[in-house]
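What you see is a predicted model; the values in this text were computed from it and never measured. So that the names make sense, note that chain A is the first sequence line, chain B the second, and so on, each numbered from 1.
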Amino acid sequence: MDISAGSAHRRPALMSTPVRVRFAPAPTGYLHVGSARSALFNWLYARHHGGTLVLRIEDTNAALATPEFYEAITKPLDWLGIDWDEGPIYQSERTDLYLAAVTSLLDSGHAYYCGCKQDEIDARNKATGFKGGYDGHCRDLNLADGPGVSVRFRTPDEGSIEISDLVRGNVVFNAVELEDFVIRRGNGSPVFLVANAVDDADLGITHVVRGEDLLNTTPKVALLWDALGYGPLPIYAHLPLLVGEDRKKLSKRKASVALADFEADGFLPEAMANYLALLGWGPKDDVEVRPMEEIIALFDLADVNKAPAFFDMKKLEHINGEYIRALSVNELIERLQPWLGENAPWPAERFDPETFAAVVPHVQERLRRLPDIWSQVDWLFTDDPPVETVEKEIKQISKAMDREEVPAVLDAVIDAFTSCDWTADALNDAVREVGDRLEAKSQVPVRIAVTGRRVGPPLFEPMALLPRETVLSRLRARRATYPS
RNA sequence: GCCCCGUUCGUCCAGCGGCCUAGGACGCCUGCCUUUCACGCAGGUAACACGGGUUCAAAUCCCGUACGGGGUACCA
């Protein structure tokens with residue numbers, strides 16, 4: 001190995017240390033899709049480089065350090081298919097480390113005690129017209145520690161801080177813009193900025209991949225990092241935010257933002273992961289729907305976009321539909337299980353797995369979300385599917401055929417169904433014959449009568465699975481709603 | 001207000017100085033297939049925010065303007 005430091009042919013990229021990234025969510029009770037996307041990009045980068053992903057829970061707020069909060073993060077990650085190599089590391093268990101860092105900062109003169117109350121600061125700033133946040137009141141007062149006393153970091157009065165960011169290039173901040181920020185609260189607890197610097201250094205993090213909303217906190221961490229003598233900063237990558245219809249950060253009130261909601265709404269985890277990977281990044285060959293292994297192979301933080309990305313439910317649904325169609329029938333049935341139990345729109349005892357298995361192939365291509373299965377097959381397991389309104393029926397039938405023709409069609413079909421063989425082919429032939437004879441789209445009224453809906457799966461195969469009497473009685477019941 | 005970031009079809013992404021009369025996907029519209037819907041197939045619609053540079057050549061580089069977003073806490 002060539003160790004000549006002055007060599008003009010050093011190849012740092014190839015020889016550099018292995019990639020170590022971290023996903024560091026604050027436990028909030030659920031995993032936001034934006035966070036999930038950050039987790040995914042970290043994971044993709046780690047897997048692409050054969051690196052290490054560390055899970056770190058930023059629970060410096062002790063109240064959040066409970067098992068429920070932990071599961072609210074890890075279960076959705078599991079579901080999405082994201083695994084981590086180290087951790088979870090709980091910041092709430094590392095307070096001593098952070099406090100030691102605060103002490104060393106105090107000792108080295110990089111930090112000082114501050115006894116100011118927020119309203120006092122506000123009052124002074126109002127009086128002086130100072131707009132830069134904290135005014136440095138206690139900077140050189142040499143205050144002693146005590147109850148309610150906080151610790152602030154002494155920011156440089158000049159100079160600049162440069163952050164290298166794989167997504168945004170180099171970002172430069174002026175030190176003057178940075179106020180002397182609090183690093184230890186009056187109650188003695190360290191703030192996340194310290195925890196961030198200490199942990200990233202301690203864990204040997206090489207790349208910090210996170211949302212753009214954290215970009216402005218980076219120079220503060222960088223200042224702490226230097227003051228603590230940690231050496232070179234990690235490389236950063238600030239991902240574009242995910243936005244909603246209003247072009248603002250995806251908010252809880254306007255749409256479902258918890259990853260768990262997407263699972264509950266019937267999205268497949270592989271579809272969700274695929275879609276999320278496409279937000280802020282895209283493969284150069286334009287192939288969007290593809291296995292995760294390929295995405296891992298193609299992914300690079302340097303190719304991530306800078307502009308915020310709109311979370312498009314329509315496209316997610318389309319991709320989900322593609323993944324559903326790609327499933328084997330058995331696999332699909334397996335995935336459908338959660339929607340076939342108690343919350344299904346039919347009496348549990350009426351459900352028949354065999355009948356169900358027979359229809360699934362006919363409805364598979366019609367599903368965009370898993371629970372779409374309900375409206376496709378409910379008529380097989382209940383006598384009163386949520387029949388669409390008569391008004392709608394009139395509208396639709398008048399499009400396909402004149403409403404006046406319906407009674408004759410129904411009469412003829414009832415007649416034919418009474419005696420024909422009870423097979424899909426025979427039923428099809430019978431309806432077709434009626435249609436030919438009466439010159440009408442005879443299938444439409446039959447479908448409405450039997451399934452309660454204007455649209456649905458191919459009619460005859462599933463219908464043949466119902467008892468003849470059931471079908472006949474539904475036809476008669478519908479016939480009775482027309483004048484004789 | 002101040003600081004930071006951004007701006008290619010309605011939306012997501014491709015484009016990293018000539019291959020661009022700007023490509024793909026979703027959406028939307030047509031048609032084909034189909035006695036429903038869907039899938040599939042074949043078409044169509046639609047964008048480089050604006051203004052200055054630099055260059056033989058700019059969607060691609062630089063500057064400015066406009067617009068959008070993020071931050072501005074003893075939350076993370």
What is the nucleic acid contact for [X], judged by heavy atoms within less than 4.0 Å: base, sugar-phosphate only, or nothing?
| X | value |
| --- | --- |
| A:Leu214 | base |
| A:Arg368 | sugar-phosphate |
| A:Ser189 | nothing |
| A:Arg432 | base |
| A:Pro219 | nothing |

Checking base pairs now: Watson-Crick or wobble, both atom distances under 3.5 Å. What partners [N]?
| N | value |
| --- | --- |
| B:U72 | B:G1 |
| B:A42 | B:U30 |
| B:U54 | none |
| B:A49 | B:U65 |
| B:U35 | none |
| B:A59 | none |
| B:A25 | B:U11 |

Send over the distance from [X] [atom1] to [N] [atom2], rounded to a whole Å.
| X | N | atom1 | atom2 | result |
| --- | --- | --- | --- | --- |
| A:Leu242 | B:G68 | CG | P | 21 Å |
| A:Gln91 | B:A76 | CD | P | 9 Å |
| A:His137 | B:C74 | NE2 | C1' | 17 Å |
| A:Phe153 | B:C74 | CZ | P | 16 Å |
| A:Gln443 | B:U35 | CD | P | 8 Å |
| A:Leu298 | B:G24 | CG | C1' | 15 Å |
| A:Gln376 | B:C39 | CD | C1' | 12 Å |
| A:Asp285 | B:G15 | CG | P | 11 Å |

Take atom [atom1] in [N] and the same atom in [M], then report the distance between them in whole Å.
| N | M | atom1 | value |
| --- | --- | --- | --- |
| B:C16 | B:G23 | P | 14 Å |
| B:A25 | B:C41 | P | 10 Å |
| B:A49 | B:G43 | C1' | 31 Å |
| B:U65 | B:A22 | P | 32 Å |
| B:G17 | B:U55 | C1' | 9 Å |
| B:U34 | B:A38 | C1' | 10 Å |
| B:G27 | B:C9 | C1' | 11 Å |
| B:C13 | B:G51 | C1' | 28 Å |

- Item | Full working for side-chain contact (heavy atoms from CB on, under 4.5 Å) between A:Asn196 and A:Arg56 | CA-CA 10 Å; A:Asn196 235 270; A:Arg56 185 170 85 209; 4.0 Å; yes

- Compute both the distance and the angle, then confirm whether A:Arg369 meets the cation-pi test with A:Phe267: under 6.0 Å from the six-membered ring centre, within 45 degrees of the axis. no

- What do the steps show when you test A:His207 against A:Tyr236 for ring-ring contact (aromatic ring centres under 6.0 Å, His included), and what is the final call? CA-CA 6 Å; A:His207 301 261; A:Tyr236 286 83; 9.7 Å; no

- In terms of side-chain heavy atoms, does A:Asn187 have a donor or acceptor partner in A:Ser189 at a distance below 3.5 Å? yes

[X] side chain near [N] phosphate (N/O to OP1/OP2, under 4.0 Å):
| X | N | answer |
| --- | --- | --- |
| A:Thr28 | B:A76 | no |
| A:Gln118 | B:C74 | yes |
| A:Arg454 | B:A38 | no |

- Most 5' of A:His318 and A:Lys249 on RNA chain B, judged by nearest nucleotide: A:His318

- Message: For A:Asp436 and A:Lys117, find the nucleotide of RNA chain B closest to each by heavy atoms; which residue's nucleotide sits nearer the 5' end?
- Response: A:Asp436

- Query: Which of these passes side-chain contact (heavy atoms from CB on, under 4.5 Å) with A:Phe181: A:Thr155, A:Val191, A:Thr217?
  - Reply: A:Thr155

- In A:Val221, A:Leu178, A:Val171, A:Val172, the residue satisfying side-chain contact (heavy atoms from CB on, under 4.5 Å) with A:Ile161 is A:Leu178

Got a list of protein N/O to nucleotides 28-31 of chain B N/O distances below 3.5 Å?
none

Check: residues 30-38 of chain A side-chain donor-acceptor pairs under 3.5 Å, at least two apart:
| unit_1 | atom_1 | unit_2 | atom_2 | d |
| --- | --- | --- | --- | --- |
| A:His32 | ND1 | A:Gly34 | N | 2.7 |
| A:His32 | NE2 | A:Leu250 | O | 3.2 |
| A:Arg37 | NH1 | A:Leu279 | O | 2.5 |
| A:Arg37 | NH2 | A:Pro240 | O | 2.2 |
| A:Ser38 | OG | A:Gly34 | O | 3.4 |

- Between A:Leu438 and A:Glu405 the two heavy atoms that sit nearest each other are O-OE1, 4.0 Å

- Query: Looking only at heavy atoms, what is the nearest atom pair of A:Pro25 and A:Leu55, with distance?
  - Reply: CD-CD1, 4.1 Å

- Message: Ignoring hydrogens and geometry beyond distance, is the side chain of A:Arg366 in donor-acceptor contact with the base of B:C37 at under 3.5 Å?
- Response: yes

- Are A:Asp157 and A:Arg139 close enough for a salt bridge, meaning some N to O gap below 4.0 Å? yes

- salt_bridge(A:Arg168, A:Glu212) N-O dist < 4.0 Å: yes

- Does the ring-ring contact (aromatic ring centres under 6.0 Å, His included) test come out yes or no for A:Trp281 and A:Phe299, once each step is laid out? CA-CA 8 Å; A:Trp281 176 83; A:Phe299 184 80; 5.5 Å; yes

- Query: Counting side-chain heavy atoms from C-beta on, which of B:U35, B:G70, B:A76 comes nearest to A:Val191?
  - Reply: B:A76

- Message: Within the supplied structure, the quantity of interest is the number of heavy atoms (other residues, nucleotides, ligands) at a distance under 6.0 Å from A:Glu331 CD; does it exceed 12?
- Response: yes

- Nucleotide by nucleotide, 5' to 3', does protein get under 4.0 Å of the base (B), only the sugar-phosphate (S), or neither (-) in nucleotides 1-13 of chain B, counting heavy atoms? -SSSSSS---SBS

